[in-house]
Q: 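Pasting a structure below so you can have a look.
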Protein chains: 2
Amino acid sequence: MVGDVLSKACSYGLRAVISLAMRQESSYQPIRELSTTLGISFHFLTKILQQLTDAGILVSQKGPKGGVALAVDASRVSVYDIVIAIDGSGAFTACILGLPGCGSRVPCPLHEQWAEERLRIEAMMKEESIDGLAHEVSSRRLRLGP
Amino acid sequence: MVGDVLSKACSYGLRAVISLAMRQESSYQPIRELSTTLGISFHFLTKILQQLTDAGILVSQKGPKGGVALAVDASRVSVYDIVIAIDGSGAFTACILGLPGCGSRVPCPLHEQWAEERLRIEAMMKEESIDGLAHEVSSRRLRLGP
DNA sequence: CGTATTTCGGACTCTGTTGTCTTAAATTAA
DNA sequence: TTAATTTAAGACAACAGAGTCCGAAATACG
């Protein structure tokens, strides 16, 4: 349904990355800490953050004092980057009626209408930086967890 | 991911209803015909169309010469009506980060941005009538099946 | 070196959606 | 009435996403 635009893995990843961006210290943050703060299963979150590490968005460190940290400045990471890293590059190309090969040549009857909305969503996600969201959460005391 | 805004059940239902609206004859159309034309599993489509019958969007008739038909004029049925009937009334209210109780009082950092997009999608789906889409498919020879 | 800590990697279970199958009930027509 | 056709209803299987669990590898520290 509308609202399932992001997989759970993706929304978990987003919340974790925003959380990391809010962190003052420059040290690594253990995934266990993140998982308890955000109320997300530790092992599940571990896998998701591994994907972000593979994608070059995070860096990780094993052992004591280990954990994860942002690999680049939070102002240079967008919501879009996280979505692509976790849900894959096909996340913004699917037909709303699920017709295979629906495109501008042989479109479904909702193709143009949906393409417009999808482009707006894509633009919005490219616009929103992790840094900006982290500041919003700090200043307006918004929620990231339960 | 983006593109999974509608469940498969919902997109199947939409395609079937548009197909019904394109029909010239005023008789019932057997679900079996619809399922073969659209390339959808017969039994699965049967269940979905039952939901639309329960919702008062279709009428059904058992036995020979039976099948389903639109209960009201196609111009008075919108895409939104179908989505609500199949995916439920909560289809347009979920938080994009999956936070329970995310609302204007205690929002997630993407609440306002997503609310805007969601409202646009809702408006688009209310705007698009089954009748209009059916005519589009006829005149522009668009696809509803594989 | 040895131990504790932490990510990495794989295998596994659980759950909701999708899809299949079988039987019952209703309706038409001979 | 009987037979054929079609939806209704429910049980069941297959699949994917979500979540759990266990051991291996790396690292810091005594």
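Chain naming here is simple, since letters A, B, ... match the order of the sequence lines and numbering starts at 1 in each. Keep in mind that this is a model prediction, so the values were computed, not measured.
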Q: Within this structure, what is the CD-to-C1' distance between A:Q51 and C:dC8, rounded to whole angstrom?
A: 13 Å
Q: With a 4.0 Å cutoff (strictly under), does any side-chain N or O of A:Y12 reach OP1 or OP2 of D:dG19?
A: yes
Q: Taking only side-chain nitrogens and oxygens of A:Q61, does any of them come within less than 4.0 Å of OP1 or OP2 of D:dA28?
A: yes
Q: Please report, rounded to the nearest Å, how far the C1' atom of D:dT6 is from the CG atom of B:L49.
A: 13 Å
Q: Describe the nucleic acid contact of A:I31 in one word from base, sugar-phosphate, nothing, applying a heavy-atom distance below 4.0 Å.
A: sugar-phosphate
Q: Among C:dA4, D:dT20, C:dA26, which nucleotide sits nearest the side chain of A:S41?
A: D:dT20
Q: Can a side chain N or O of A:T53 be found less than 4.0 Å away from OP1 or OP2 on C:dT7?
A: no
Q: Do the side chains of B:Q113 and B:I96 get nearer than 4.5 Å, heavy atoms only?
A: no
Q: Compare the minimum distances between each of C:dA25, C:dT7, D:dA18 and the side chain of A:F44, then state the nucleotide with the smallest one.
A: D:dA18
Q: List the steps and the verdict of side chain to side chain donor-acceptor pair (under 3.5 Å) for B:S129 and B:D131.
A: CA-CA 5 Å; B:S129 77; B:D131 182 60; 4.8 Å; no
Q: When you compare the side chain of A:L14 with that of A:M125, does any pair of heavy atoms fall below 4.5 Å?
A: no
Q: Please check the phosphate of C:dG9 (OP1 and OP2 only) for any side-chain N or O of A:Q50 closer than 4.0 Å.
A: yes
Q: Find out whether A:I121 and B:W114 are in side-chain contact, i.e. whether some heavy atom of one side chain is under 4.5 Å from a heavy atom of the other.
A: yes
Q: Pick the nucleotide of DNA chain C nearest each of A:H43 and A:K65; which residue has the one closer to the 5' end?
A: A:K65
Q: By nearest nucleotide on DNA chain D, pick out whichever of A:K47 and B:T46 is the more 5' one.
A: B:T46
Q: B:K62 has an atom NZ; how far is it from atom P of D:dT7, in whole Å?
A: 11 Å
Q: Please state how far atom CD1 in A:I40 lies from atom P in D:dG19, giving the value in whole angstrom units.
A: 9 Å
Q: Surrounding CD of B:E33 (heavy atoms of other residues, nucleotides or ligands, distance under 6.0 Å), is the total greater than 12?
A: yes
Q: What nucleotide among D:dT7, C:dA4, C:dC8 has an atom nearest to a side-chain atom of A:S60?
A: C:dC8
Q: What is the distance, rounded to the nearest whole Å, between atom CZ of B:R32 and atom P of C:dT20?
A: 11 Å
Q: Of B:K8 and A:D54, whose closest DNA chain C nucleotide lies nearer the 5' terminus?
A: A:D54
Q: Rounding to a whole Å, what distance do you find between A:I86:CD1 and D:dG17:P?
A: 14 Å
Q: When the distance from CG of A:D87 to C1' of D:dA18 is rounded to whole Å, what number comes out?
A: 13 Å
